[in-house]
Amino acid sequence: MCRLARASNKMKKRLRYFLIHILGAKFLTLVPEYLFKLVPLPKFIMIEATNACNLRCPLCPTNTTETRKKGLMDIKNFNKLIDELTGSLKGISFNACGEPTLNPKLFEMIAYASSKGIYTMISTNTTLLEKYISKVFDSGLDMIIVCLDGATKKTHESYRIGSNFDIIVKNIKLLTKEKFRRKNSKLKIQLQFVVMRQNEKEIPKIIKLARKLKVDELNLKTVSLGRTSSLVEKEIKAEKYLPLAKKYRRYQVNDGRLVIKNSTKLCNWIQKSFVYWNGDIGVCCYDFNGDYPVGNVFKNGGFKKIWRSDKYARLRKNILLRRLPLCQNCNATSEYGITIKT
């Protein structure tokens with residue numbers, strides 16, 4: 001029965017892929033651009049609290065390939081954006097470029113969004129979390145992702161350059177201890193471990209450490225080799241960073257070329273949006289440098305006006321069909337990793 005069930009699920013996935021990504025893609029090429037103005041307001045957006053970071057991770061674009069001016073989102077502007085989208089917006093992720101806790105107003109922003117019934121989550125390198133432990137809980141934050149890319153000090157610090165393994169572990173302990181103290185806290189704590197060649201042997205150790213730290217879950221995330229890298233650069237990075245275990249890879253080799261596993265023909269960023277710290281709207285979270293500006297929500301009449309514009313409608317069709325040059329080097333996949341309940 002198990003084999004039959006697996007075979008049935010496989011067939012369903014193939015049929016769904018064919019209907020949506022093959023027939024759907026062909027049909028949507030015929031839909032006129034102006035109809036894309038009718039796409040409902042996004043229920044989920046990514047907001048960049050800041051694009052600055054205090055670490056220098058080799059594969060992260062923030063301090064390697066990103067060329068945008070560094071800055072912090074102003075809380076008054078943030079509140080205006082939330083007021084405009086209240087009622088339609090269901091969730092905000094602060095997992096954009098940069099380290100969000102470098103913005104001193106971050107947890108005020110989260111508290112304001114939470115007061116409007118909006119789900120909030122952040123991803124942090126956890127270096128500065130000690131001074132914000134109470135604010136994490138008082139703000140009403142729904143989910144926090146704390147990052148460790150090694151189960152040992154040497155491994156973690158070799159990639160998270162500028163980080164301190166002992167401080168990260170201590171801060172996670174403070175966080176989980178406070179959650180236990182508050183008893184009824186809704187906060188979900190996820191430990192993220194990006195699986196790379198230099199740390200994949202430590203997976204059993206990180207599972208034990210996650211349980212010891214009493215986080216809610218552990219995410220063994222697949223590594224991205226970079227959106228702005230050329231194919232040749234990616235292949236060089238693959239030799240250094242791509243894990244040997246295939247189940248932890250988002251890439252595979254086809255005819256000697258490195259390609260994304262389970263890449264789709266249609267992109268779901270038609271239903272989402274990305275707001276940079278200065279109010280510019282980007283097409284997706286891989287547009288690190290703002291190469292496709294749509295407008296500025298703080299200067300061009302607000303989010304809704306830009307969302308209904310001809311320019312955004314045209315871009316949405318191109319985003320959906322993955323026609324932009326940005327899309328040709330995209331690392332989006334269904335192979336993001338494995339989540340383990342602890």
Side-chain angles (χ1 to χ4, degrees), residues 46-66 68 70-73 92-107 109-110 120-137 139 141-179 187-196 198-199 202 206 209-210 213 215-227 241 276-277 285 288 336-337 339:
M46 293 184 78
I47 290 182
E48 186 179 72
T50 179
N51 62 336
C53 187
N54 55 338
L55 302 185
R56 302 179 304 283
C57 306
L59 293 177
C60 179
T62 301
N63 285 327
T64 55
T65 59
E66 185 187 298
R68 287 185 294 120
K70 304 296 184 185
L72 307 173
M73 179 168 280
I92 298 173
S93 167
F94 292 88
N95 307 10
C97 304
E99 168 51 41
T101 59
L102 285 172
N103 188 325
K105 298 293 184 180
L106 172 68
F107 291 101
M109 294 178 186
I110 292 169
T120 54
M121 66 179 292
I122 67 170
S123 178
T124 173
N125 61 34
T126 325
T127 56
L128 307 172
L129 202 61
E130 181 178 7
K131 60 182 179 180
Y132 293 118
I133 297 296
S134 292
K135 290 184 178 181
V136 168
F137 293 91
S139 67
L141 182 66
D142 291 284
M143 182 173 183
I144 185 168
I145 299 171
V146 290
C147 301
L148 265 181
D149 292 329
T152 61
K153 183 177 179 70
K154 181 179 178 181
T155 304
H156 172 78
E157 293 177 10
S158 69
Y159 179 76
R160 293 271 175 171
I161 299 170
S163 181
N164 184 303
F165 178 83
D166 299 319
I167 289 175
I168 306 303
V169 170
K170 183 188 78 170
N171 288 346
I172 296 172
K173 285 180 179 178
L174 289 173
L175 190 67
T176 54
K177 182 179 179 181
E178 182 67 9
K179 180 178 178 178
L187 181 70
K188 177 182 281 189
I189 304 171
Q190 181 186 92
L191 178 61
Q192 178 182 285
F193 181 88
V194 179
V195 182
M196 294 173 277
Q198 57 266 48
N199 67 12
E202 294 185 357
I206 199 67
L209 181 58
L213 292 173
V215 296
D216 296 302
E217 58 188 32
L218 168 67
N219 181 27
L220 302 174
K221 186 179 179 182
T222 57
V223 67
S224 169
L225 298 176
R227 195 277 298 172
Y241 294 105
Y276 300 109
W277 68 267
C285 62
F288 303 119
Y336 281 111
T339 299

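Computed from heavy atoms alone, side chains included, the values below leave out hydrogens, waters and symmetry copies. Note that the coordinates shown come from a computational prediction; the quantities given were computed from them, not determined experimentally.
- Side-chain contact between K135 and I110: absent, with no pair of heavy atoms (C-beta onward) separated by less than 4.5 Å.
- Inter-residue side-chain proximity for E217 and L191 is flagged as unmet; no heavy-atom pair is nearer than 4.5 Å.
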Query - Verdict with supporting geometry, I189 and L187, side-chain contact (heavy atoms from CB on, under 4.5 Å) - result: CA-CA 6 Å; I189 304 171; L187 181 70; 4.0 Å; yes
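- Judged by distance alone, with hydrogens and angles left aside, the side-chain atoms of E48 form a donor-acceptor pair with the main-chain N or O of W277 at under 3.5 Å.
- The side-chain heavy atoms of V223 and L59, taken from C-beta on, include a pair separated by under 4.5 Å.
- Residues Q192 and L148 form no side-chain contact, since every pair of their non-hydrogen atoms from C-beta on lies 4.5 Å or further apart.
- Atom CG of residue N219 and atom OH of residue Y336 lie 11.5 Å apart, to the nearest 0.5 angstrom.
- Atom OG in S93 sits 7.0 Å away from atom CD1 in I145 (nearest 0.5 Å).
- Of all heavy-atom pairs between L102 and T50, the closest is CB-CG2, 4.2 Å.
- Taken to the nearest 0.5 Å, the CE atom of M109 stands 6.5 Å off from the CE atom of M73.
- Within 6.0 Å of NZ in K153 there are more than 12 heavy atoms belonging to other residues, nucleotides or ligands.
- Minimum interatomic distance between C147 and T126 (heavy atoms only, all atoms of both residues): N-OG1, 3.5 Å.
- Using bins of under 30°, 30° to 60° and over 60° for the plane-to-plane angle, the ring pair Y241/Y159 lands in the perpendicular bin.
- Formation of a donor-acceptor pair under 3.5 Å by the H156 side chain with backbone atoms of D149 is found in this model.
- Contact check on D216 versus K188 returns no salt bridge, with no Lys/Arg side-chain nitrogen under 4.0 Å from an Asp/Glu carboxylate oxygen.
- Rounded to the nearest 0.5 angstrom, I167 CD1 and I172 CD1 are separated by 12.0 Å.
- Between I161 and L55 there is no side-chain heavy-atom pair separated by less than 4.5 Å.
- Rounding to the nearest 0.5 Å places CG of N171 at 8.5 Å from CG of L128.
- The closest side-chain heavy-atom distance from L106 to Y132 is not below 4.5 Å.
- Of the candidates I144, L141, I47, T120 forms a side chain to side chain contact (heavy atoms under 4.5 Å, CB included) with just one, namely L141.
- Residues E202 and T152 have side chains that bring a donor and an acceptor to within less than 3.5 angstrom of each other.
- Atom-to-atom distance recorded for L175:CG and E178:CD is 8.5 Å, nearest 0.5 angstrom.
- The 12-atom threshold is not exceeded at NZ of K221, counting heavy atoms of other residues, nucleotides or ligands nearer than 6.0 Å.
- Between M196 and N199, the shortest heavy-atom distance links the atoms N-OD1, 2.7 Å.
- In this structure, T155 and Q198 approach most closely via the heavy-atom pair CG2-O, 3.6 Å.
- Side-chain atoms of L218 and T339, non-hydrogen and from C-beta on, never get closer than 4.5 Å to each other.
- Within a 6.0 Å radius of NZ in K105, no more than 12 heavy atoms belonging to other residues, nucleotides or ligands are found.
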Requested in this report: Take T62 and K70 through the side-chain contact (heavy atoms from CB on, under 4.5 Å) test and state the conclusion after the steps.
Outcome: CA-CA 10 Å; T62 301; K70 304 296 184 185; 3.7 Å; yes
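- In this structure, R160 contributes its side chain and C57 its backbone to no donor-acceptor pair below 3.5 Å.
- Put simply, the side chain of R68 reaches to within 4.5 Å of the side chain of C97, judged on heavy atoms.
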Requested in this report: Run the numbers on I168 and V146 for side-chain contact (heavy atoms from CB on, under 4.5 Å), then give the verdict.
Outcome: CA-CA 9 Å; I168 306 303; V146 290; 6.0 Å; no
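- When only modelled atom types and interatomic distance are considered, N54 and E99 share no side-chain donor-acceptor pair under 3.5 Å.
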Requested in this report: Would you check, one step at a time, whether the test side-chain contact (heavy atoms from CB on, under 4.5 Å) holds for F94 with T124?
Outcome: CA-CA 9 Å; F94 292 88; T124 173; over 6 Å; no
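- The minimum heavy-atom distance linking G150 with I206 is given by the pair O-CD1, 4.0 Å.
- Nearest heavy atom pair, residue N125 against residue C53, reads ND2-SG, 3.9 Å.
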